[in-house]
Amino acid sequence: MSDDEYDPHATLTGDAVFWADEAADAVEARGGDDPLVVKGGISPSGVPHLGNMNEIMRGYYVAEVLRERGHEVRQLFTADDRDPLRGLPRKLADLDGKIVDLGDVNAGALGRNLGHPYTDIPDPFGCCDSYGAHFSNLIERSADRLGVDVETVSNTELYESGEFEAVTRDLLASADEARDVLGKYQDKVDESYVPFNPICENCGKVTETVTAIDAEAGTVDYECTDMDAGDQTIEGCGHAGTATLREGKLPWRFEWPAQWQVLGVDFEPFGKDHAEGSWPSGSDIAATLLGIEPPTPMVYEWFTLDGDPFSSSAGNVVLVSDVLELVERDVLRYFFTKDPKRARDFSIERIDLLVDEFDRFERLYYGDVEDASEREIERAERIYPFVVGDVPDERPIRLPYTFAAVLGMTEDPALREEIARREGHIPEGASEEAVAAALERVERAREWAERTDNQYNYRIERRTMPAVDVDEETAAALDDLAAFIEDEEPDGETLQGEVYETAKRHDIDIGDFFATGYRLFFDEEQGPKLGQFLADLDREFVVTRLRREK
RNA sequence: GGGCCGGUAGCUCAGUUAGGCAGAGCGUCUGACUCUUAAUCAGACGGUCGGGGGUUCAAUUCCCUCCCGGCCCGCCA
């Protein structure tokens, strides 16, 4: 069922070059008071992957546009940390973002905590107050690394501090009405449905069976029964008890609108999974039951990771911290400025394409792209300042990403810089800081080459000579080449030519000769343009290696 | 089964608001650079804009219909 009044797809109209402008228009049209509240929410159930960051980044750009328009804006992020652990994730991550297998932590301890709120489960890494706190912490760190300042709100704290108490009491007092409203969206809601899940005082699990409500006293009676969790059942302990409204949680469909009310939310982006389920019921509950205007909604499509769905539980994840080892922060921020309505693949394998796209986007902003269309210039001029925050007066030096990967084949920083300069990627008058900043990309591209083990993953074999079989003629050719280098001290171009000449002179197949060269220096069949590269290395090493001495 | 969103070049994506010659980058191919070897430069190839129908002088764009993919219509977020 779709409610036209609150159609979450209608926020983005496609009129503007930047979708965040359209979302901001809708927020202003809704007419909330400053400070405007922009919210997202993530369950700290496990590794916070890049897709989860939509909850923060989509809201961030809208918040920034609203700030640009003179509004005071708070950006919140609710850690839905009173939710019960429903299954064991296959992968976890420590606070530095290092992924570990479930087996590397105390899996048994976790298993015994199925059904318990995240904030009641001990941190398997022992570094935070709870499982929930651990992963909330990781989410905050991810936001921080992206340069986004968000206030974290813990759901558990909202319950324990009593901030949720009034709305919970209201909902329980009008439980019949609540049932009716939700029943319009969920067939399974029957007469026994109660919009509150107490935590069992005996076993600590979130339970579903409420036997009596005393709204005035602010208590419910419950029985700890079994709970379905996907394909498995979490067993209840059978305990019958009484809980206060601070000792439990609202079901998600009510909890979400309750957050809007308690926190005064004006804008909230959410994944497409919510668009047809939680949102219609939530906006109805907010308007009908709570008597509040729901926030301006915005639906975003999901990302995939190298073609497959992100999955915390299955371990198909990449964290912000991982990505930032491969690309600059602003490249990743750029990724989140793309149209939320379109599903996107985030490809680690081809992250060079994203970087190229960003570099071009940046050049467009600085007016350095010939034959650019007006549309793309307009987009870059509008969006680029939001991506980088503070726009530098001069365009940063960017080494083409794959070129940076080639530079990563040598570890010598001076040599990297020299090659980059010779190839014209570093302008004459560039400051030392600007050059150093540009060369940082080499480390990232190197990391990419190694991680994906792609065509740039070559490294000069300096220490030990790779085993190479050379026939007599090839040996003579290599010796000639060594002598040529010793005598002539050629530049790269000359040396490249001489490689060809030498091969011809000795009647060796040129392809084979190059392959021998790559084998000697890289222990690979292929590599970068050999002459250029060897000319840049220290001569003594090259000559010695060509003579197969070590 | 019903609903929502999406489908544009091999890949990643602009463009559709308001109908007016189908776009970029990357890849591929060819060529240049004394040189078949991944960094540079030039050029080319590349499309039924998911299919079909309709409206129109004109449709990727508007309408209808069908196909494909994801999601929702249980729980949970």
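Lettering follows sequence order; numbering is per chain, from 1. This structure is a prediction, so every number in the text was calculated from the model and none was measured.
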Applying ring pair (Phe, Tyr, Trp, His ring centres under 6.0 Å) to A:His134 and not counting sequence neighbours gives A:Phe125
Heavy atoms under 4.0 Å, any strand shown: does A:Ile419 hit a base, just sugar-phosphate, or nothing? base
Nearest heavy atoms of A:Ala23 and A:Thr296, plus distance in Å: O-CG2, 4.5 Å
Kindly point out which of B:rA77, B:rU36, B:rG6 is positioned nearest to the side chain of A:Ser43? B:rA77
What is the distance from CD of A:Glu268 to P of B:rA77, rounded to the nearest Å? 13 Å
What does A:Asp273 touch in the nucleic acid at a heavy-atom separation under 4.0 angstrom: a base, only the sugar-phosphate, or nothing? base
Name the nucleic acid region contacted by A:His425, choosing base, sugar-phosphate or nothing; use a 4.0 angstrom heavy-atom cut-off, strictly under. nothing
Scanning all shown strands, the Watson-Crick or wobble mate of B:rG23 with both distances under 3.5 Å is B:rC13
Which nucleotides of nucleotides 12-25 of chain B have their base under 4.0 Å from a protein heavy atom (B), which only their sugar-phosphate (S), and which neither (-), written as one string 5' to 3'? SSSSSB------SS
Applying a 4.0 Å non-hydrogen cut-off, can you work out what A:Gly497 is touching in the nucleic acid: base, sugar-phosphate, or nothing? nothing
Quick one: on RNA chain B, does A:Pro400 or A:Glu501 contact a more 5' nucleotide (nearest heavy atom)? A:Glu501
Using whole Å, what does the distance between atom P of nucleotide B:rA77 and atom OH of A:Tyr300 come to? 14 Å
